[in-house]
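Owing to the predicted nature of the structure, the values given are computational and were not obtained by experimental measurement.
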Amino acid sequence: MESKVRVLSQQVASQIAAGEVVNRPASVVKELVENAVDAGADSIKVVLTDAGRTSIQVTDNGCGMNSEDARTAFERHATSKIRESDDLFSLTTFGFRGEALPSIAAVAEVQLRTRTADSETGTAITIKASEIEQQEPCVCPAGSTFTVRNLFYNVPARRKFLKSNQTEFGHILTEIGRVALAHPEVAVELTHQGEQILSLPPSAIKQRIINLFGRKMNEALLPVEVETSVVRISGFCSNLDNVKGKGAKQFFFVNGRFMRHPYFHKAVLSAYEGLVPESDQPSYFLFLNVPPETIDVNIHPTKTEIKFQDEQVIWKILMAAVKETVGRFEEMPTIDFNTADMPDIPIYDASRPVTQPRVSYNPDFNPFSGSRIETGQSRANRENWSKLYGDAIERKVNDGAIPFTPMSGTLVQPEDETLKPYQFADRFILVPSEQGLMIIDQHRAHVRVLYDRFMASARSSVSASQGLLFPEMFQLSASDAAAFAELKPRFAALGFDLSDMGRGAIAVQGVPSGMEGQDYERLITDMIADLRINPTHEEERQLESMALAMARKAAIPSGRRLSEKEMQELVRSLKACSMPSRTPDAKTIYLIKSEEEISKWF
């Protein structure tokens, strides 16, 4: 009988093993940049072509390698970081497995040029699919330059599953940002398609955060500092005015290594409990230093999952440190971190007359009227709600079937002077109907109305846009700028007139009708954050996500008192919607309590 069990060839085994370490261009960049830091480099340059698909080049001024080490480094489990198993409990480097370089060489064409500081000549070595094709002396600066070309050329199935260049570039920015935050003393440059995207000089950690995520982070951060016999914690967390529903920047580092730790994340959230809405998230950049022997980083090939010996103790220390920081600094005024280019502040003169700022105000403005898209279907809906929803139907919401509760009977028109809409708790609108009492959540109702309006405008040939008299400019982070490049056509379809000024600078020249007066920077970053949390490459789904973010931002909030006219207009507009019972994210908009149900209460 023929044997069925065979030993895989070295090439196949290498490609399988590479799948655990290298799954996209960002993985290659991460491993090479971390190796550069481990080599003692204080300057790292990354050059990309086609988001790493075609070429990735990483140059550092670290210790370099001699000819023998350069060849050995591409053998599996070859490393200079550890010698024996006990070394795993005293790690101070990123790498230690000896898997990164052989994994990269198994699925790409790799060239290495390297030289040690005490050598006159360097070594150039070329490897393709784990096979060394050439090795020869060369002239090169001290340090190492890795060039990786045609990633996954011999694994077409893996290459086929790569996302768009913008998406892959976003992942690369994320990986570089983590290393840059962990080691602010290292200069980092990133160039993509010949354009310099990042240029981070050596700096203090706060300046590095500002350089990566924008000057607004300066006024948003509070310093965290505590030292105990178990752990030393330093870094920053956001003040109460700068928590976000989406897009918060949240980073944990331990001994200079980025990590994910849901348990410690809950400790930070506990410190903000009762101070911010449950839906909001604080930003934080927290650095933990512990004895190396008290953690285990040898859990996953990505080395972002770490076990702690004193996890519960650290949880309590972390929560107390953040809570103490928020309580101590929250009421203190913030001071600009970098004042080199700040304009002079005029001295207050009490003798000068006080002038009111020029404010554009329209006393007749109604947030529910104007620019509403009138279609044949919407007019029909307003004329006969009961016919449209006379039978039980099921509609798909967010790709899931959600049963729709029919509303038989017609809605009593609010214009009837004997039956007027009534607002309760500045949140709900009460409207009598033949079926009973309709209770409408005013915020959710307006979200549905605005969402339908924005989507109708986006699907039409002409988007309703309002030009700004004075364009507003702001700076996107590098990762948001990469996402913006892909989403710019969708922004235009929704009515935004945005100009990319280069290097993440965005000029807002026009906004969709109904979005005037918003915080445009936060609106746009929230829209990008929504798609980062729930990524999709379908244009229609992207439009839906962005329109929903706009509707949430512009909708009337709970707690706002409405006039009778505003309530009437909101009810009319809701009736005209394609699905008035649910928000786009499947939340209930209204309930109906019958006379029988109400009678039982008494």
Please test Arg215 against Gln475 for side-chain contact (heavy atoms from CB on, under 4.5 Å), starting from the C-alpha separation and ending with a verdict.
CA-CA 8 Å; Arg215 287 181 56 84; Gln475 189 80 24; over 6 Å; no
Donor-acceptor pair, side chain of [X] and main chain of [Y], under 3.5 angstrom:
{"X": "Asp441", "Y": "Arg444", "answer": "yes"}
{"X": "Thr325", "Y": "Pro223", "answer": "yes"}
{"X": "Ser283", "Y": "Lys249", "answer": "yes"}
{"X": "Arg208", "Y": "Ala180", "answer": "yes"}
{"X": "Thr228", "Y": "Val230", "answer": "yes"}
{"X": "Asn239", "Y": "Glu219", "answer": "yes"}
{"X": "His171", "Y": "Ala26", "answer": "no"}
{"X": "Gln423", "Y": "Leu562", "answer": "yes"}
{"X": "Asp452", "Y": "Ser578", "answer": "yes"}
{"X": "Glu516", "Y": "Gly514", "answer": "yes"}

Is there a side-chain contact between [X] and [Y] in this structure, where contact means two heavy atoms from C-beta onward sitting under 4.5 Å apart?
{"X": "Met527", "Y": "Leu531", "answer": "no"}
{"X": "Phe264", "Y": "Met259", "answer": "yes"}
{"X": "Phe236", "Y": "Ile209", "answer": "yes"}
{"X": "Val571", "Y": "Val431", "answer": "yes"}

Roughly how far, to the nearest 0.5 Å, is the [atom2] atom of [Y] from the [atom1] atom of [X]?
{"X": "Glu544", "Y": "Arg541", "atom1": "CD", "atom2": "CZ", "result": "4.5 Å"}
{"X": "Leu212", "Y": "Arg178", "atom1": "CG", "atom2": "CZ", "result": "12.5 Å"}
{"X": "Lys30", "Y": "Glu175", "atom1": "NZ", "atom2": "CD", "result": "6.0 Å"}
{"X": "Ile439", "Y": "Tyr422", "atom1": "CD1", "atom2": "OH", "result": "12.5 Å"}
{"X": "Leu570", "Y": "Lys565", "atom1": "CG", "atom2": "NZ", "result": "14.0 Å"}
{"X": "Ser573", "Y": "Leu450", "atom1": "OG", "atom2": "CG", "result": "9.0 Å"}

Which class fits the ring pair His265 and Tyr284: parallel under 30°, tilted 30 to 60°, perpendicular over 60°?
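Tilted, since the angle between the ring planes falls between 30° and 60°.
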N-O pairing of Glu305 and Arg260 below 4.0 Å
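Looking at Glu305 and Arg260, the cut-off is not met.
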Give a yes or no on whether a salt bridge exists between Lys600 and Glu595, defined as a side-chain N under 4.0 angstrom from a carboxylate O.
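The answer is no: the pair does not qualify as a salt bridge.
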Pick out which of Phe252, Phe251, Phe258 makes a ring pair (Phe, Tyr, Trp, His ring centres under 6.0 Å) with Phe285.
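Exactly one pass, corresponding to Phe251.
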Before giving the answer on salt bridge (charged side-chain N to carboxylate O under 4.0 Å, His left out), spell out for Asp500 and Lys488 the whole-Å C-alpha distance, their side-chain angles and the decisive distance to 0.1 Å.
CA-CA 9 Å; Asp500 188 346; Lys488 190 175 180 181; 5.8 Å; no
Near Lys553 NZ, under 6.0 Å, is it more than 12 heavy atoms from other residues, nucleotides or ligands?
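Yes, because the 6.0 Å sphere around NZ of Lys553 holds more than 12 heavy atoms from other groups.
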Looking at Met473, I want to see if its CE is surrounded by more than 12 non-hydrogen atoms of other residues, nucleotides or ligands under 6.0 Å.
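Enclosed: over 12 neighbouring heavy atoms sit under 6.0 Å from CE of Met473.
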Minimum heavy-atom distance [X]-[Y], with the two atoms named:
{"X": "Arg522", "Y": "Lys244", "result": "NH2-CA, 3.5 Å"}
{"X": "Leu173", "Y": "Ala478", "result": "CD1-O, 3.0 Å"}
{"X": "Phe454", "Y": "Ala551", "result": "CE1-N, 3.8 Å"}
{"X": "Leu240", "Y": "Val243", "result": "O-CG2, 3.6 Å"}
{"X": "Leu476", "Y": "Thr525", "result": "CD2-CG2, 3.8 Å"}
{"X": "Ala554", "Y": "Gln518", "result": "CA-NE2, 3.8 Å"}

For residues 269-277, run the donor-acceptor check on the side chains, cut-off 3.5 Å, and write out each pair with its distance to 0.1 Å, sequence neighbours left out.
| unit_1 | atom_1 | unit_2 | atom_2 | d |
| --- | --- | --- | --- | --- |
| Ser270 | OG | Lys266 | O | 2.8 |
| Tyr272 | OH | Ser238 | N | 3.4 |
| Tyr272 | OH | Ser238 | O | 2.5 |

Evaluate side chain to side chain donor-acceptor pair (under 3.5 Å) for Ser594 paired with Gln435, printing each intermediate quantity in order.
CA-CA 6 Å; Ser594 66; Gln435 236 187 353; over 6 Å; no
Cut-off 3.5 Å, side chains only: do [X] and [Y] have a donor facing an acceptor?
{"X": "Glu564", "Y": "Gln568", "answer": "yes"}
{"X": "Ser457", "Y": "Ser460", "answer": "no"}
{"X": "His261", "Y": "Glu311", "answer": "yes"}
{"X": "Ser558", "Y": "Gln442", "answer": "no"}

Show your working on side-chain contact (heavy atoms from CB on, under 4.5 Å) between Arg257 and Ile306 and close with a plain yes or no.
CA-CA 10 Å; Arg257 181 192 303 277; Ile306 298 176; 3.8 Å; yes
So, applying salt bridge (charged side-chain N to carboxylate O under 4.0 Å, His left out) with Glu566, which one of Arg561, Arg560, Arg572 is it?
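For Glu566, the salt bridge (charged side-chain N to carboxylate O under 4.0 Å, His left out) check succeeds only for Arg560.
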Name all residues meeting the ring pair (Phe, Tyr, Trp, His ring centres under 6.0 Å) criterion together with Phe169; count only those two or more places apart in sequence or in a different chain, and write none if there are none.
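For Phe169 the ring pair (Phe, Tyr, Trp, His ring centres under 6.0 Å) partners, ignoring immediate neighbours, are His192.
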Indicate, with yes or no, if the rings of Phe308 and Tyr263 have centres closer together than 6.0 Å.
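Aromatic pair excluded; centres sit 6.0 Å or further apart.
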Can you list the steps and then say if Arg448 with Ile589 is a side-chain contact (heavy atoms from CB on, under 4.5 Å)?
CA-CA 9 Å; Arg448 167 52 76 178; Ile589 294 176; 3.6 Å; yes
Asn218 vs Lys206, test: side-chain contact (heavy atoms from CB on, under 4.5 Å). Steps then yes/no.
CA-CA 8 Å; Asn218 175 48; Lys206 187 172 186 181; 3.4 Å; yes
With Arg552, the side chain to side chain donor-acceptor pair (under 3.5 Å) member among Asp526, Asp585, Thr583:
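Single side chain to side chain donor-acceptor pair (under 3.5 Å) partner of Arg552 among Asp526, Asp585, Thr583: Asp585.
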